[in-house]
Amino acid sequence: MGFFSDFKASLMKGDVLSLATAVVIAGAFGKIVGSAVDDVIMPVVGLLTGGIDFTQKFITLDGNSYETLAAAKAAGAAVITYGNLVQAIINFIIIAFFIFVVLRAAEKAKKKEVVAVAAPAGPTQEQLLTEIRDLLKK
């Protein structure tokens, strides 16, 4: 086989198509989770923390004091924006919890589905042996 036919055969395997589908769905699900965090949960967190915007928390390394992060950056000061790290940690915890809840609900639904499907009752071993005996007699 040629290079392109091998490449086509590799792409058409079920694993590659399943992976591609999972990536596309994960991208769409990521937007849903991001919206839930940014638009629903973070306003509640902001309310609980008294409206603190962690992304505006910083330390300047030049010894000067600036009122806002934008002012410090405009002055060309070197800054450590520790608030971004705090915000990223909070977002991670919220997203991990959100995904945990969704996966837990999916597992519960899957267990109910598996329980509902019962294996059809087949003939017993004695019945099969009787059938074989009868067929051999003929």
Using residues 40-55 as the side-chain source, report each donor-acceptor pair under 3.5 Å to any protein atom, sequence neighbours left out, with the distance given to one decimal.
from	atom 1	to	atom 2	distance (Å)
Thr49	OG1	Val45	O	3.0
Thr49	OG1	Gly46	O	3.3
Asp53	OD1	Thr55	N	3.3
Asp53	OD1	Thr55	OG1	2.7
Asp53	OD2	Thr55	OG1	3.2

Review item, side-chain donor-acceptor pairs of residues 84-94, under 3.5 Å, at least two apart:
from	atom 1	to	atom 2	distance (Å)
Asn84	ND2	Thr81	OG1	3.3
Gln87	NE2	Asn91	OD1	3.4

Contacts table for residues 27-39: side-chain donor-acceptor under 3.5 angstrom, sequence neighbours left out:
from	atom 1	to	atom 2	distance (Å)
Ser35	OG	Asp39	OD2	2.9

Show every donor-acceptor pair shorter than 3.5 Å between a side-chain atom in residues 126-138 and any protein atom, with sequence neighbours excluded, or say none if there are none.
from	atom 1	to	atom 2	distance (Å)
Gln127	OE1	Thr124	N	2.9
Thr130	OG1	Glu126	O	2.7

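Remark: Ser65 engages no residue in a side-chain contact (heavy atoms from CB on, under 4.5 Å) (not counting sequence neighbours).
As a member of the Ile/Leu/Val/Met/Phe/Trp/Tyr network built from side-chain separations under 4.5 Å, Tyr66 groups with Phe58, Leu69, Val79. Counting Ile, Leu, Val, Met, Phe, Trp and Tyr side chains that sit under 4.5 Å apart, directly or through other members, Phe97 shares a hydrophobic cluster with Phe100, Val101.
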